[in-house]
There are 2 protein chains.
Amino acid sequence: MFIQIEPQSDVPIYEQVTRQIIEGIARGEMKPGDTLPSVRALAADLGVNMHTVNKSYHELEAKGIIVIRPKSGAIISSTEERALTPDQLRQIEKNLKPVVAEGMVLGATVEQIEHMMKKVFADLQIPAEGV
Amino acid sequence: MFIQIEPQSDVPIYEQVTRQIIEGIARGEMKPGDTLPSVRALAADLGVNMHTVNKSYHELEAKGIIVIRPKSGAIISSTEERALTPDQLRQIEKNLKPVVAEGMVLGATVEQIEHMMKKVFADLQIPAEGV
DNA sequence: ATATTTGTTATATATCTAATATAACAAATT
DNA sequence: AATTTGTTATATTAGATATATAACAAATAT
């Protein structure tokens, strides 16, 4: 598995798992229809508790990114199943805001921030504007 | 004061205070050299405990955004005092990444995300590219 | 000079989150 | 038939969040 846990991060373990699975999907390393490892298997792999992975999976399900089939497994939902509601768009914007604001106050220029966005897109293997 | 607390947010109160002060500085509502209200005054204003505001101020100081002069007050540091170290730039990129990744996986296009960035810049009253 | 305000420090308490540990259940899969 | 699955339950530990109250000593205001 591609997931790497930083035990002393201020980001909770279940949140690290959630983020890295999302990034894996964004990169295309995992596609819709693919099954995630069982909570027990991934937990053993990462050296964490089963419930920690379970919490992450349910967070992913709440976001509409996976579907959990009880007693069976977790499947990455198709892009058609993912609505992208106005609420979700608003939430993304709400999440971007404090990061950008902090960057600006610390002295970053608009160009620097946009350059970082391009790096993030590139890291997610998404064709960025004018690349 | 311009700060509005959402008591039932999943974002801790001290973090809400920190973010809104940063946004206030980004918008130019507060300038370098300005003093923040005393922790007691702001706490009373917001209806929260003194220590909650104090924690926020120390977070701002750790980020290099304000300087706390004991027994005196908290002053917004000058842009010259703010280094913008490679570490800070890396941190900003690290903060942007999960937000962008989630947006993409939920089905947002690069254009939609860049449009949201422009809205954020506009909200922070920063002239965005080609506006 | 005196009184007030300031951030600091200390102690205490309550609540919530995060994480682990263990166990059992019943359905799905092998 | 045996194993694996997500689920549910209970319990414990540790840390974060937030409040409450109090006192201290330096800075500021009157």
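Note on naming: letters A, B, ... go to the chains in the order of the sequence lines (proteins, then strands), and numbering restarts at 1 for each one.
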Sugar-phosphate means primed atoms, P, OP1 and OP2; the rest is base. With that split, encode nucleotides 21-30 of chain D 5' to 3' as B, S or - using protein heavy atoms under 4.0 Å. B---BBSS--
Measure the distance from [atom1] on [X] to [atom2] on [N] and round it to the nearest whole Å.
| X | N | atom1 | atom2 | answer |
| --- | --- | --- | --- | --- |
| B:K55 | C:dA10 | NZ | C1' | 17 Å |
| B:N54 | D:dT17 | CG | P | 14 Å |
| A:I75 | D:dG6 | CD1 | P | 11 Å |
| B:L46 | D:dA18 | CG | P | 12 Å |
| B:D10 | D:dA16 | CG | P | 18 Å |
| B:Y14 | D:dA16 | OH | P | 9 Å |
| A:I66 | D:dT5 | CD1 | C1' | 14 Å |
| B:H58 | D:dA18 | NE2 | C1' | 16 Å |

For A:I66 against A:A74, the heavy-atom pair lying closest together: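 So the two residues come closest at CD1-CB, 3.9 Å.
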N-O pairing of B:K97 and B:E93 below 4.0 Å: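 Looking at B:E93 together with B:K97, the answer is no, because their closest N to O distance does not fall below 4.0 Å.
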Determine, stepwise, if the pair A:D87 / A:Q91 fulfils side-chain hydrogen bond (donor to acceptor under 3.5 Å, both in side chains). CA-CA 6 Å; A:D87 262 355; A:Q91 188 57 49; over 6 Å; no
Below the 4.0 Å mark, does C:dA19 have OP1 or OP2 next to a side-chain nitrogen or oxygen of A:T52?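 Answer no for this pair, as no side-chain N or O of A:T52 is under 4.0 Å from OP1 or OP2.
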Can you spot which of B:E23, B:R27, B:M30 makes a side chain to side chain contact (heavy atoms under 4.5 Å, CB included) with B:F2?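 Of B:E23, B:R27, B:M30, side chain to side chain contact (heavy atoms under 4.5 Å, CB included) with B:F2 is met by B:M30 alone.
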In Å, rounded to the nearest 0.5 Å, how long is the span from NZ of B:K94 to CG of B:L89?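 If I round to the nearest 0.5 Å, the distance is 14.0 Å.
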As a test of reading the structure: which of C:dT8, D:dT19, D:dG6 is closest to the side chain of B:I13, going by heavy atoms?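 Of all the options, the side chain of B:I13 is nearest to D:dT19.
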Going by side-chain hydrogen bond (donor to acceptor under 3.5 Å, both in side chains), name the residues that satisfy it together with A:S56, two or more places apart in sequence or in a different chain.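 Partners of A:S56 by the side-chain hydrogen bond (donor to acceptor under 3.5 Å, both in side chains) criterion, ordered by chain and then number, come out as A:T18.
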